[in-house]
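Okay, so here's the structure we're looking at.
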Amino acid sequence: MADYNFKEIEPRWQQFWLDQQSFRAPGPGDDGFDASKPKYYVLDMFPYPSGAGLHVGHPKGYTATDITARYKRHQGFNVLHPMGWDAFGLPAEQYAIQTGTHPAVTTAANVDNFRSQLQALGFSYDWAREIDTTSPDYYKWTQWVFKQLFEKGLAYEAEIPVWWCSKLGTVLANEEVVDGHSERGGHPCEKRPLRQWMFKITEYADRLLADLEDLDWPDSVKAMQREWIGRSEGAELGFVIDGVDECITVFTTRPDTLFGASFCVVAPEHPLLASFVSDEQRDEVAAYQEQAKGKSDLQRAELQKDKSGVFTGAYAVNPIFKDGDPRQLIPIYTADYVLMTYGTGAIMCVPDGDERDHQFAEKYDLPIPKILDDNQCLCNSDFLDGLTKEQAVPKMIEWLVANEIGEKCINFRLRDWLFSRQRYWGEPFPVLHEVVDGKRNGNVKLVDDADLPVSLPILEDFGPTEDGAPPLARAEEWVKVVDSDGKVYEREVNSMPQWAGSCWYFLRFLDPHNTSEAWSAEAEKYWMPVDLYVGGAEHAVLHLLYARFWHKVLFDCGLVSTSEPFQKLVNQGMVQSFAYKNERGILVSIDEVEGDEGNYTLIETGEKVEKLVAKMSKSLKNVINPDDVCDEYGADTLRLYEAFMGPLTTSAPWNPRDLPGVHRFLQRTWRVFDSGFADAACDDIERGLHKCIKKVGDDLEAMGYNTAIAAMMEFINLATKSKIDLTVEQGQRFSVLLEPFAPHLAEELYKLCGGSDALAQLPWPSYDNKMLVADTIEIPVQVNGKLKAKAVIAADADKDAQQEAAELAIAGEINGTVRKVIVIPGRMVNFVVS
RNA sequence: GGGGAGGUAGCCCAAUGGCAGAGGCAAAGGACUUAAAAUCCUUCCAGUGUGGGUUCGAGUCCCAUCCUCCCUACCA
């Protein structure tokens, strides 16, 4: 009898897997590739290798994909299960600025730490395919992909007002600014006009929206992407400004309400505003514009209950009314509830139809003409009277087109993607600006493929420059390029945002050592699309939308064979932690609290605190370190616990009290094998094993990891209670079932019961349906749906025999006439009595 | 305001429309032990947030309602 010694077992098998390359996934063209096997590509969202190391949230998703990867190998798939590092990014750069250490140095150290942490958890990655987005071998191809997008005409430079964060010394994408503050760090941001690289993602808006339909993705993520793309159908129409030779164009989803349009509002930033504002109102409007400029979008939103605005002194002509009609001239206001960044930055206001317009009209005492009746049908609207919205909109559009006033229009909330950053630690652009007489002349040239990668120059000073120019501008020798024909160029000194590397990494995994192409067409055709992609919901929009966009472009270029990269997506739930809240509602650090069973107090003061669930955070000292868990219980226990916490998609707090439970299961399993083996199989155990094989297989298909583990626990409980040991052969079959979940122990057990093959490649055991049911079963007998008795029947009894047995069991309980008998074979019998 | 996911035992979590319980935690009792730990055995505990409906039969389907969590928001 020996103990379950995970500390000895786990490192030994980890080394074995590395030495044997047990999880190498040969692809087309590689030695050992078997083209006859089906493929399965299971991918994790690769991590940013932070200095803090792995968090227990990471292994939740990684364990799930690893279980599935290992299961698919047993089913005979060629499984591609790779891991890499999304290693460009701000934290490494900021650390570099603070310490003077080059980001490449800290990144390499962090990567080493992450890799060894992941290997200590026994994940079955093909480490030969490891990639690092900051390696020149990798970003060479990121630059190459950029060139493909550029050559498709999808990249352009623009001088646009962008979010500028002076603290970070960089511009940020709209998506990276929340409530006027940087998403990372929470620093205040302001709008500044700067020359930037943009991608025309809006050209793909329709397809990005439509193709969501066929994806096996969570509804919540699809909904978020739909909202982000924000397609809305309506019309654009022109309003001529009275007495001025200008026309403002408005976008509306309700052109049918034009009869009720009693004023117009333009955004304070509207370019035409200055041309039509009256002299009397000029100062007031200018003051309002100045005030609006200083407001963040958050501040604008905060004021939503109290709208503000200023009359411009100008009037627009409502085109639906004839000359002389008193309703024809409508005042134009400027107000910050209209955003320049959406639609045309100008709206027609229909206070009877739109709540916001109504508020504004009431505040500024503007007319509110009634155009909708109690049934929300149009009234006072001439040729639209009595029509519903659905009927009236096309009719009005028809009228607008016929009178050359406007046309049908589809608007998207999606904006073009701001793709440049003023940072050091990112991919350089493969772009040269032509310089004549010391000045850029506006001509842009791409770097030849043969000259890729454009390597990141080594700098001493990574911080932003005084004048806001990117840090790369300091590398003067690097910036200046003289062509063979004598032309002088300056390199682009902006760098790409962190999204770049993650937009196509799943393609590089297919063929990571290819030095002549980003990936081979053969490998792409075989492995793509990703069959299962698991990651956090925080990437529901940005990463997943950007990656889909690049992929569609590559598809249009004929470089990939699928129009979508990720067929099935699953969001793992968050691993939270317990926290404590004092009476003033403030969260307190976990080490200041004592007590249990619902009574918790502060150690120092005795003040009562309330237990709740919150995100893990350093300040609450409730962060769980996977290394500590591994040290105390082992990697198999950690894996099993993460998979057993509940469904993968559910968030749940880390509960240290539950860890011993799964650890005990592994110990019990060990003892079942360690107690020796029987010569002949026990029938009960054999039946239990068949049941277990079926349940674990079915659950794995549905990613029901927690219930699969429960089934294995059930079997081990059965085997523990049995006086008869497993046979060697039963032990081998169970080892295969356990291998995806607790691979180290499974390898050890397989060896204990005499296994000599490569466990990871063994076929998944089969089960016999006949072994799943006992000879006789007990079924409920109901009267009017209420349980009255039980009957014992043969498992294969036919309907009549089952009813007969039920009648016997219920004899005397039935008072009344039997109207109907419901017999569900093998399930139950119900007598309907009146 | 809009969208998404949920409410089952003291806790986490199961249950193709068919006996509410698979599994784990916690609790209680017992066996083993000089004792403790570990281990093993046994036991306790809910009628599924609420109100209707469909059905022979509803945790499961439909409608309404309450609560929780997440996302999003002057998007015209």
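Numbered from 1 within each chain, the chains take letters A, B, ... in sequence-line order.
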Electrostatic pair [X]-[Y], nearest N-O below 4.0 angstrom:
| X | Y | value |
| --- | --- | --- |
| A:Glu714 | A:Lys691 | yes |
| A:Glu213 | A:Arg226 | yes |
| A:Arg231 | A:Asp206 | yes |

Quick check: any donor-acceptor pair below 3.5 Å linking the side-chain of [X] to the base of [N]?
| X | N | answer |
| --- | --- | --- |
| A:Lys307 | B:C74 | yes |
| A:Gln782 | B:G18 | yes |
| A:Arg827 | B:U16 | yes |
| A:Asp658 | B:C25 | no |
| A:Lys790 | B:C19 | yes |

Donor + acceptor pair across side chains of [X], [Y] (<3.5 Å):
| X | Y | answer |
| --- | --- | --- |
| A:Lys60 | A:Gln572 | no |
| A:Ser232 | A:Tyr342 | yes |
| A:Asp357 | A:Tyr337 | yes |

Expressed as a whole number of Å, how far does the [atom1] atom of [N] sit from that of [M]?
| N | M | atom1 | value |
| --- | --- | --- | --- |
| B:A37 | B:G6 | C1' | 41 Å |
| B:C40 | B:G57 | P | 45 Å |
| B:U55 | B:C63 | C1' | 16 Å |
| B:G49 | B:U68 | C1' | 11 Å |
| B:G1 | B:G10 | P | 34 Å |
| B:G53 | B:C25 | P | 42 Å |
| B:U42 | B:G24 | P | 12 Å |
| B:A15 | B:G2 | C1' | 34 Å |

Name the pairing partner of [N], where a pair is Watson-Crick or G-U wobble with both distances under 3.5 Å, or state none.
| N | value |
| --- | --- |
| B:C40 | B:G30 |
| B:C25 | B:G10 |
| B:G51 | B:C63 |
| B:A5 | B:U68 |

Taking the nucleotide of RNA chain B with the closest heavy atom to each, which residue, A:Arg356 or A:Leu787, is nearer the 5' end? A:Leu787
Closest-nucleotide 5' rank along RNA chain B - winner of A:Ser232 and A:Pro780: A:Pro780
Between [N] atom [atom2] and [X] atom [atom1], what is the distance in whole Å?
| X | N | atom1 | atom2 | value |
| --- | --- | --- | --- | --- |
| A:Ile716 | B:C40 | CD1 | C1' | 15 Å |
| A:Glu233 | B:A76 | CD | P | 12 Å |
| A:Arg664 | B:A26 | CZ | P | 5 Å |
| A:Arg671 | B:A38 | CZ | C1' | 8 Å |
| A:Gln576 | B:C69 | CD | C1' | 9 Å |
| A:Met574 | B:C70 | CE | P | 7 Å |
| A:Phe665 | B:A22 | CZ | P | 18 Å |
| A:Glu227 | B:C74 | CD | P | 12 Å |

Is there a side-chain contact between A:Asn830 and A:Val821 (heavy atoms, below 4.5 Å)?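 A side-chain contact under 4.5 Å is absent here.
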Looking at every strand, decide which applies to [X] at a 4.0 Å heavy-atom threshold: base, sugar-phosphate, or nothing.
| X | answer |
| --- | --- |
| A:Asn830 | base |
| A:Arg668 | sugar-phosphate |
| A:Met224 | sugar-phosphate |
| A:Arg226 | nothing |
| A:Asp357 | nothing |

Among residues 342-350 of chain A, which ones have heavy-atom contacts with RNA chain B below 4.0 Å?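 By residue number: A:Tyr342, A:Ile347.
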Of all of residues 636-652 of chain A, which get a heavy atom below 4.0 angstrom from RNA chain B, listed by number? A:Phe644, A:Met645, A:Pro647, A:Thr650
Is any side-chain N or O of [X] closer than 4.0 Å to OP1 or OP2 of [N]?
| X | N | value |
| --- | --- | --- |
| A:Asn655 | B:G24 | no |
| A:Lys721 | B:U42 | yes |
| A:Asn706 | B:G23 | no |

Determine, using ring centers only, whether A:His663 and A:Tyr641 are less than 6.0 Å apart.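 Between A:Tyr641 and A:His663, the centre distance exceeds or equals 6.0 Å.
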Given the side-chain rings of A:Phe644 and A:Tyr705, with only the six-membered ring counted for Trp, is the space between their centroids under 6.0 Å?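 No, the ring centres sit 6.0 Å or more apart.
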Please tell me which of the listed nucleotides, B:G24, B:A76, B:G4, lies nearest to the side chain of A:Met713?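 In terms of side-chain proximity for A:Met713, the closest of B:G24, B:A76, B:G4 is B:G24.
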Measure the [atom1]-[atom2] distance between [X] and [Y] for me, rounded to the nearest 0.5 Å.
| X | Y | atom1 | atom2 | answer |
| --- | --- | --- | --- | --- |
| A:Asn571 | A:His539 | CG | NE2 | 10.5 Å |
| A:Leu666 | A:Tyr633 | CG | OH | 12.0 Å |
| A:Arg639 | A:Leu745 | CZ | CG | 11.5 Å |

Do A:Lys307 and A:Phe360 form a cation-pi contact, if we require the NZ or CZ to be under 6.0 Å from the six-membered ring centre and within 45 degrees of the ring's axis?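 No, A:Lys307 and A:Phe360 do not form such a contact.
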